[in-house]
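Each residue takes its place number in the sequence, starting with 1. In what follows, every heavy atom counts, from backbone to side chain, and hydrogens, waters and symmetry copies are set aside. Because the structure is a prediction, the values reported are computed rather than measured.
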Amino acid sequence: MRAALWLMALFGTAVAAALFAGNNQGTVTLYWPPYRVDVSLNLVLLVLALAFVTLHLALRALSGLFSIPLQAKRWRLLQKERAIHTALLDAALHLVAGRFVRARKAAELVVTLEESVRAGDENVVQAARLRTLSHLLAAESAHALQDRTVRDQHFQLALEHTHLRAAQDARDGVHMRAARWAFDDRDPGAAMQWLDQLPQGTARRTIALRLRFKVARQAGKARMALDASRLLTKHRAFSEVAGAGIARGLVLEMIRSAHDPAQLQREWDHLDPAEQRIPEVALEAAERCLALGGDVAVSRLWVHPLWQAMSQRLDALSPALRLRLIRVLEKGFAVAAGAPDAAWLARIESLQLSNPADPVLQYLAGVMCARLELWGKAQQLLRQSLSMLKDKELKRDAWRALAELAEQRQDTAAAAQAYKEAAKA
């Protein structure tokens with residue numbers, strides 16, 4: 001279609017020119033005393049057109065002649081840029097392939113070539129970013145070769161270039177590489193300092209969060225690692241199952257590292273409600289609270305959701321977790337200020353009556369009755385549980401509790417027999 005339009009336009013132009021030139025009777029008279037020259041108008045127009053074309057071609061020829069030095073300079077710069085980009089690609093490819101010595105030499109060649117261009121009063125496009133990337137590749141290669149001296153030299157040069165306006169966008173990458181190198185050097189303090197210098201948006205990227213998580217684990221900062229794992233799970237860097245498992249392990253580590261009840265309370269308050277409802281976490285926190293001499297009421301409050309779940313369905317907790325829950329409540333009874341209040345008394349009694357054949361609940365109810373000085377009922381419940389208890393440690397404690405009850409009655413024979421059975425268990 002376009003060729004047809006051009007052909008029609010060409011025919012139209014030819015017809016118009018033929019009509020104008022064929023019927024043009026005009027003349028141009030030139031007076032040059034004492035001469036007079038009459039020239040056809042068509043000839044004058046033709047001569048003017050030829051003169052214009054000739055002048056245009058002459059000017060273009062002169063322009064091309066005078067631009068030869070500039071073109072030669074541009075050609076030399078283009079060749080140098082091609083050499084720089086080739087060396088940069090070689091450095092990146094060698095680094096990925098594990099040829100670190102070649103990668104470092106190629107990156108240093110990029111720096112040398114770029115400096116030679118600058119020495120010739122010429123500039124490479126994106127020179128600042130190019131120098132930053134070259135020094136960073138050289139530093140990464142030196143780090144892989146465990147040459148820290150060369151790595152630090154190139155890193156400092158890369159860091160200096162990031163202060164230039166043209167290379168500010170590379171600063172985040174330089175900081176993250178520095179944090180990674182510090183982590184590899186097992187210096188979590190320095191790695192954390194570099195990560196803290198990242199802008200807020202960059203610090204929330206997945207790669208930065210992964211690195212922060214690793215650094216926090218290396219530094220033994222479970223709370224910081226927990227915060228990072230939460231964000232990674234939210235960003236789908238961890239699956240829901242993996243994220244929950246990692247969070248549970250970190251929470252348990254936080255609880256075990258608490259040295260006093262106040263610190264334990266702060267760690268507990270830092271947890272999400274979903275994390276507080278994890279059975280292992282609640283039981284570990286309650287056990288740690290009792291071990292540190294904390295408030296018994298607080299430990300019971302933490303395990304109360306587990307007791308509610310077990311009250312609704314007895315198999316809501318595994319046998320091992322049920323046993324740990326019973327142990328936590330039992331240890332609370334053993335504390336001087338740990339006598340069960342009316343609410344817990346009603347809960348334990350209600351659940352035990354709802355499940356009269358459960359030996360673990362019978363044992364707990366018997367211990368509670370003994371703490372309330374209900375000797376007869378305590379002895380009855382403990383003796384009923386003995387025949388069905390499977391846990392040896394729990395069975396031994398039941399015999400010991402019966403021995404103490406016998407001592408309260410001053411029945412030395414029964415107490416001796418109970419201690420003997422406890423020793424056998």
Side-chain angles (χ1 to χ4, degrees), residues 140 143-144 146 148 151-152 155 172-295 298-299 302-303 320-321 324 328:
E140 185 70 32
H143 174 73
Q146 298 184 356
R148 297 183 182 179
R151 181 198 70 185
D152 293 341
F155 169 70
D172 296 345
V174 173
H175 286 180
M176 279 197 283
R177 293 318 301 167
R180 179 69 191 190
W181 296 335
F183 170 74
D184 292 341
D185 293 341
R186 305 196 66 79
D187 188 358
M192 196 59 66
Q193 289 179 0
W194 286 113
L195 289 174
D196 291 339
Q197 294 181 26
L198 294 175
Q200 184 176 3
T202 306
R204 295 179 68 87
R205 294 174 185 169
T206 301
I207 185 173
L209 289 173
R210 284 183 180 275
L211 185 55
R212 183 178 290 274
F213 173 77
K214 294 178 181 179
V215 171
R217 294 295 294 138
Q218 189 179 75
K221 297 182 179 180
R223 178 181 290 191
M224 185 180 298
L226 177 62
D227 294 337
S229 69
R230 288 171 179 169
L231 291 174
L232 287 169
T233 305
K234 181 179 179 181
H235 294 171
R236 300 185 182 278
F238 293 155
S239 65
E240 293 294 336
V241 177
I246 293 173
R248 181 170 61 251
L250 291 172
V251 169
L252 293 176
E253 183 177 341
M254 288 168 53
I255 292 173
R256 290 165 186 163
S257 63
H259 301 293
D260 54 71
Q263 182 184 2
L264 180 61
Q265 184 65 53
R266 288 194 299 270
E267 301 293 357
W268 178 264
D269 294 337
H270 185 72
L271 303 181
D272 293 338
E275 295 168 346
Q276 293 177 351
R277 290 192 294 269
I278 298 176
E280 293 86 351
V281 172
L283 291 171
E284 187 70 30
E287 291 170 353
R288 189 63 179 168
C289 180
L290 295 175
L292 295 174
D295 191 355
V298 173
S299 67
W302 290 345
V303 299
L321 294 178
R324 288 184 65 183
V328 168

Arg266 CZ to Leu271 CG distance, which is reported to the nearest 0.5 Å: 13.5 Å

Heavy-atom check, side chain of Ile278 versus side chain of Val251, under 4.5 Å: no

Within residues 265-284 or reaching into it, pairs that qualify as ring-ring contact (aromatic ring centres under 6.0 Å, His included) - sequence neighbours excluded: Trp268-Trp302

Salt bridge (Lys or Arg N to Asp or Glu O under 4.0 Å) partners of Arg256, counting only residues at least two apart: Glu284

Distance in Å, Leu195 CG paired with Lys214 NZ, rounded so as to fall on 0.5 Å steps: 12.0 Å

All pairs passing side chain to side chain donor-acceptor pair (under 3.5 Å) where residues 273-282 contributes a residue, at least two apart: Arg230-Glu275

Residues forming a side chain to side chain contact (heavy atoms under 4.5 Å, CB included) with Ala291, sequence neighbours excluded: none

From Ser299 atom OG to Glu287 atom CD, the distance as rounded to the nearest 0.5 Å: 10.0 Å

Sub-4.5 Å side-chain heavy-atom contact between Phe213 and Leu250: yes

Nearest atoms (heavy-atom pairs only) where Ala225 meets Ala216: N-CB, 3.6 Å

Nearest atoms (heavy-atom pairs only) where Ser229 meets Ile246: CB-CG2, 4.1 Å

Heavy-atom closest contact (Gln263 atom, Ser257 atom, distance): NE2-O, 3.8 Å

Atom pair CG/CG of Leu232 and Asp227 - distance to nearest 0.5 Å: 11.0 Å

Pair listing, ring-ring contact (aromatic ring centres under 6.0 Å, His included) test, anchored in residues 182-204, at least two apart: Phe155-Trp194, His175-Trp194

Sequence neighbours excluded - salt bridge (Lys or Arg N to Asp or Glu O under 4.0 Å) pairs with any residue from residues 185-198: Arg148-Asp185, Arg151-Asp185, Asp196-Arg212

Pairs flagged by salt bridge (Lys or Arg N to Asp or Glu O under 4.0 Å) wherever residues 174-183 is involved - sequence neighbours left out: Glu140-Arg177, Arg180-Asp184

Distance in Å, His259 NE2 paired with Leu264 CG, rounded so as to fall on 0.5 Å steps: 11.5 Å

Test side chain to side chain contact (heavy atoms under 4.5 Å, CB included) applied to Pro188 - qualifying residues, sequence neighbours left out: Val215, Gln218, Ala219

Non-neighbouring partners of Asp260 that pass salt bridge (Lys or Arg N to Asp or Glu O under 4.0 Å), sequence neighbours left out: none

Sequence neighbours excluded and cut-off under 3.5 Å, please list the side-chain donor-acceptor pairs for residues 197-208, or say none.
residue: Thr202; atom: OG1; partner: Asp172; partner atom: OD2; Å: 2.9

Listed once per pair and sorted, the side chain to side chain donor-acceptor pair (under 3.5 Å) pairs that draw on residues 231-255, sequence neighbours left out: Arg217-Glu253

Qualifying residues under side-chain hydrogen bond (donor to acceptor under 3.5 Å, both in side chains), relative to Gln193, sequence neighbours excluded: none

